Amino acid sequence: MTTTVTACLVILIACMGACIYRIARGPDALDRLLAFDLLGVLLSASFALIALREGAWHYLEISLGLAILAFVGTVAVAHYIERGRLF
Amino acid sequence: MLTDALDIIGIGLLLTATALAVLGVVSFLRLPDLYSRIHAANMVITGGAVPLFLALLFLADSRTGLKALATAAFLLVTTPLVTHVLARTAYRRGVDLGPVAARDDLAAASPGGTRGPAPSTGGGPGPGTSAEDT
């Protein structure tokens, strides 16, 4: 089981590398923003896998916090791009 | 024996989640325009991250599993919001619809145009000719 979880973790980290490639290359600012959101969610999933692998269950709270931060940050930056101001 | 069954379900969910995340990220890299990429990213989150947290529900003890279930529910609720805000911002900014878009129904419905400054230069027929298709 530890081998499976480690393999999944490595694959998710490779996916995060692909997101960083899209952030560097994306033709529009919204592409970069979407890749940033995806990076946050994949990081949160990786923290859940680390918690499962090490048996360190308090890492799940980091995972929930990263998901919340990715959501709030993405919506705020999208509003800023659309209107030119935050509120 | 029950524990074995729960482990098998959890590991199956874990493998499904990883496979769907890889599929979504590959299409996120390869799809041609922003709107298709938004769709692919949505698949990474709802198909990849949510089953992964559900797998934790089967593999961990019950208190930890409830935390993972809360995270999965949060992702499931907020992903459509992010997708909608990104797509609306992209349309109002005038991001190109891409070479695969056949027509622009929203521009046909609102003649004044909510579209941004950059005009659509997609390969498909414009909104003026789209009435013949239907």
Side-chain angles (χ1 to χ4, degrees), chain A residues 1 4-5 7-12 14-19 21-22 25-31 33-49 51-52 55-61 63-68 70-83, chain B residues 7 10-11 14-15 17-19 21-26 28-30 33-35 37-38 40-42 44-46 48-53 55-56 59-61 63-68 70-72 74-75 77-79 81-96 116:
Chain A
M1 180 174 145
T4 315
V5 174
C8 290
L9 191 58
V10 169
I11 291 173
L12 279 194
C15 289
M16 281 157 62
C19 285
Y21 170 75
R22 179 53 81 186
R25 195 180 160 271
D28 195 75
L30 288 169
D31 278 300
L33 184 58
L34 182 62
F36 176 77
D37 179 53
L38 206 55
L39 191 66
V41 173
L42 284 177
L43 198 62
S44 145
S46 313
F47 266 106
L49 279 183
L52 184 60
W57 298 119
H58 51 275
Y59 274 31
L60 270 180
E61 284 148 29
S63 178
L64 180 58
L66 275 175
I68 293 173
F71 165 65
V72 174
T74 308
V75 170
V77 177
H79 269 273
Y80 182 69
I81 289 176
E82 183 179 350
R83 298 184 187 157
Chain B
D7 273 358
I11 287 187
L14 210 62
L15 292 178
T18 312
V22 168
L23 273 180
V25 167
V26 167
F28 181 62
L29 284 186
R30 290 194 53 88
D33 57 325
L34 176 60
Y35 303 96
R37 282 197 286 266
I38 288 176
N42 196 358
V44 174
I45 299 177
T46 43
V50 171
L52 199 139
F53 285 110
L56 239 66
L59 292 177
D61 57 350
R63 281 185 69 171
T64 316
L66 278 182
K67 266 181 220 159
T71 313
F74 181 80
L75 282 179
V77 168
T78 56
T79 307
L81 290 176
V82 170
T83 310
H84 171 245
V85 166
L86 276 175
R88 193 187 59 182
T89 306
Y91 191 82
R92 290 203 177 147
R93 250 183 130 220
V95 174
D96 194 7

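Since we're looking at a predicted model, the values are computed, not measured. Letters go in sequence order (proteins before strands), and every chain restarts at 1.
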Which answer fits [X], side chain, backbone, both or neither, if we ask what part of it has an atom under 4.5 Å from a heavy atom of chain B?
X     : answer
A:A70 : neither
A:R25 : neither
A:D31 : both
A:I68 : both

Side chain proximity check, [X] to [Y], heavy atoms < 4.5 angstrom:
X     : Y     : answer
A:L34 : B:F28 : yes
A:E82 : B:R88 : yes
A:L30 : B:R93 : yes
B:F53 : A:L60 : yes
A:L12 : B:L52 : yes
A:D37 : B:I45 : yes

Just by distance, do the side chain of A:R22 and the backbone of B:L29 share a donor-acceptor pair under 3.5 Å?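 Such a contact is found between A:R22 side chain and B:L29 backbone.
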Under 4.5 Å from a heavy atom of chain A, the part of [X] involved:
X     : answer
B:F74 : side chain
B:I11 : side chain
B:L34 : both

Check: residues 40-47 of chain A side-chain donor-acceptor pairs under 3.5 Å, at least two apart:
from  : atom 1 : to    : atom 2 : distance (Å)
A:S44 : OG     : A:S63 : O      : 3.3
A:S44 : OG     : A:S63 : OG     : 3.3
A:S46 : OG     : A:L42 : O      : 2.7

Which atom pair, heavy atoms only, marks the closest approach of A:L38 to B:A41?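 Answer, listing the atom of A:L38 first, then B:A41: CD1-O, 3.8 Å.
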Please give me the minimum heavy-atom distance between B:A21 and A:C15, naming the atom from each residue.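 Reported closest heavy-atom pair: O-SG, 4.2 Å.
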So which of B:V22, B:I38, B:L86, B:V85 has the biggest tally of heavy-atom pairs under 4.5 Å with chain A?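 Going by pairs under 4.5 Å, I would pick B:L86.
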Which of B:L14, B:L81, B:L15 touches chain A most, by non-hydrogen pairs under 4.5 Å: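 Maximum pair count with chain A is reached by B:L14.
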Give the member of A:A48, A:G55, A:A29 that has the highest number of heavy-atom pairs under 4.5 Å with chain B.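 When all of A:A48, A:G55, A:A29 are compared, A:A48 has the most.
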Heavy-atom pairs under 4.5 Å with chain B, option from A:V77, A:L49, A:V5, A:T4 with the top count: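 Looking at each of A:V77, A:L49, A:V5, A:T4 in turn, A:L49 comes out on top.
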Using 0.5 Å steps for rounding, measure from the OG1 atom of B:T71 to the CG atom of A:L64.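 Taking OG1 in B:T71 and CG in A:L64, the distance rounds to 4.0 Å.
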So, taking the atom named CH2 in A:W57 and the one named CG in B:L56, what distance separates them when rounded to the nearest 0.5 Å?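 Here the rounded value is 5.5 Å.
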